[in-house]
Asks: 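Just passing along the structure, written as structure tokens.
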Amino acid sequence: MSIQYSKDHEWINTAEPAAAVVGITVHAQDALGDVVFVDLPAVGASFKQGEIAGVVESVKAAADVYMPVSGEIVEVNEQLRADPSLANTDPLGAGWFFKVKLSDEKELTGLLDEAAYNEFAASA
């Protein structure tokens with residue numbers, strides 16, 4: 001898997017660049033606690049890197065979901081909308097948020113690998 005991480009605590013899997021998969025990290029869901037609601041972006045919507053693309057709400061707090069790269073939303077995880085707890089139980093798998101068609105693959109160079117992200121998250 002080609003997973004990279006943002007400093008906003010999102011991950012992106014670019015194994016299929018035509019539709020990279022985005023979700024929140026284990027660290028993010030740990031900090032939020034039990035996720036009870038997700039607001040996913042509309043399919044066809046385009047966002048720039050760093051823009052808010054959705055919201056995740058837990059029993060403790062609400063947090064914005066930021067775009068790790070610029071692109072167009074090509075699919076959202078309807079299963080997550082129906083069962084938001086997937087963001088807790090399987091954040092890097094079934095708890096994915098949306099798929100995005102990248103508009104600038106060069107933006108991936110600014111993201112972190114797993115080791116760098118873990119170091120960042122530990123110090124945050």
Side-chain angles (χ1 to χ4, degrees):
M1 289 183 134
S2 305
I3 296 181
Q4 293 172 281
Y5 301 85
S6 75
K7 289 187 175 180
D8 294 315
H9 307 288
E10 286 81 31
W11 58 265
I12 182 168
N13 181 343
T14 55
E16 296 180 34
V21 183
V22 176
I24 63 171
T25 65
V26 172
H27 175 81
Q29 69 83 29
D30 279 346
L32 283 166
D34 294 336
V35 174
V36 295
F37 175 78
V38 294
D39 181 20
L40 300 173
V43 171
S46 292
F47 297 91
K48 293 191 182 332
Q49 185 178 38
E51 286 186 331
I52 298 168
V55 176
V56 59
E57 294 181 12
S58 72
V59 293
K60 293 197 291 188
D64 294 325
V65 177
Y66 296 92
M67 286 292 286
V69 294
S70 300
E72 177 186 342
I73 305 300
V74 295
E75 186 179 343
V76 296
N77 187 351
E78 294 296 343
Q79 189 178 4
L80 180 66
R81 195 187 313 261
D83 183 5
S85 69
L86 290 171
N88 295 115
T89 58
D90 194 8
L92 299 177
W96 62 276
F97 277 56
F98 51 83
K99 294 183 180 180
V100 60
K101 179 181 176 186
L102 307 182
S103 59
D104 185 358
E105 288 189 36
K106 288 181 280 195
E107 291 177 343
L108 294 169
T109 61
L111 299 176
L112 306 171
D113 64 17
E114 186 174 10
Y117 174 75
N118 288 338
E119 186 176 318
F120 168 77
S123 66

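All figures in this text were calculated on a predicted structure; none of them were measured in a lab.
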Asks: Answer yes if L112 and W11 sit in the same cluster of Ile, Leu, Val, Met, Phe, Trp and Tyr residues linked by side chain heavy atoms under 4.5 Å apart, and no otherwise.
Replies: yes
Asks: Given the rule in the side-chain contact (heavy atoms from CB on, under 4.5 Å) test, do Q4 and D113 qualify, once you have shown the distances and angles that lead to the verdict?
Replies: CA-CA 5 Å; Q4 293 172 281; D113 64 17; 5.8 Å; no
Asks: Calculate, to the nearest 0.5 Å, the distance between atoms CG and OG belonging to L102 and S70 respectively.
Replies: 9.0 Å
Asks: Side-chain contact, heavy-atom cut-off 4.5 Å: V100 with E72?
Replies: no
Asks: Is there a donor in the side chain of S85 and an acceptor in the side chain of D83, or the other way round, less than 3.5 Å apart?
Replies: yes
Asks: Between E78 and R81 (salt bridge meaning N to carboxylate O under 4.0 Å), is one present in this structure?
Replies: yes
Asks: Drop me the distance from S6's OG to E107's CD, to the nearest 0.5 angstrom.
Replies: 12.0 Å
Asks: Using the rule given for side-chain contact (heavy atoms from CB on, under 4.5 Å), can you reason through L92 versus V26, listing the C-alpha separation, both sets of side-chain angles and the distance that settles it, and then say yes or no?
Replies: CA-CA 7 Å; L92 299 177; V26 172; 4.3 Å; yes
Asks: Calculate, to the nearest 0.5 Å, the distance between atoms CG and CZ belonging to L40 and F98 respectively.
Replies: 8.5 Å
Asks: Does a side-chain heavy-atom distance below 4.5 Å link V69 with D104?
Replies: no
Asks: Do V43 and F97 sit in one hydrophobic cluster, given that two such residues count as connected whenever their side-chain heavy atoms are within less than 4.5 Å of each other, even indirectly?
Replies: yes
Asks: Closest approach of L111 and P68, non-hydrogen atoms and distance?
Replies: CD2-O, 3.8 Å
Asks: Taking the side chain from E51 and the backbone from K48, do they hold a donor-acceptor pair closer than 3.5 Å?
Replies: yes
Asks: Which heavy atom of I73 sits nearest a heavy atom of A42, and at what distance?
Replies: CB-O, 3.5 Å
Asks: Given 3.5 Å as the limit, does a donor-acceptor pair link the side chain of E10 with the main chain of Y66, or not?
Replies: yes
Asks: Taking N77 for the side chain and W96 for the main chain, is one N or O donor matched with an acceptor at less than 3.5 Å?
Replies: yes
Asks: Let me confirm one number: the CZ-NE2 distance from F120 to H9, rounded to the nearest 0.5 Å.
Replies: 4.5 Å
Asks: V38 and V36: same hydrophobic cluster, using ILVMFWY side-chain contacts below 4.5 Å?
Replies: no
Asks: What is the minimum heavy-atom distance between S103 and G71, and which atoms define it?
Replies: OG-N, 3.6 Å
Asks: Show the numbers, then the answer: is there a side-chain contact (heavy atoms from CB on, under 4.5 Å) between L32 and I24?
Replies: CA-CA 11 Å; L32 283 166; I24 63 171; 4.2 Å; yes
Asks: If only side-chain N and O atoms count, and only distance matters, is there a donor-acceptor pair under 3.5 Å linking T25 with Y117?
Replies: yes
Asks: So, S58 side chain and V35 main chain: donor-acceptor pair closer than 3.5 Å or not?
Replies: no
Asks: Distance check, rounded to the nearest 0.5 Å: K60 atom NZ versus D34 atom CG?
Replies: 8.5 Å
Asks: Nearest heavy-atom pair of S2 and A15: which atoms, and what distance?
Replies: CB-N, 4.0 Å
Asks: Indicate the atoms forming the closest heavy-atom contact of G95 with L80, along with that distance.
Replies: O-CD2, 3.8 Å
Asks: For the residue pair V74 and A19, what are the closest heavy atoms and their distance?
Replies: CG2-CB, 4.0 Å
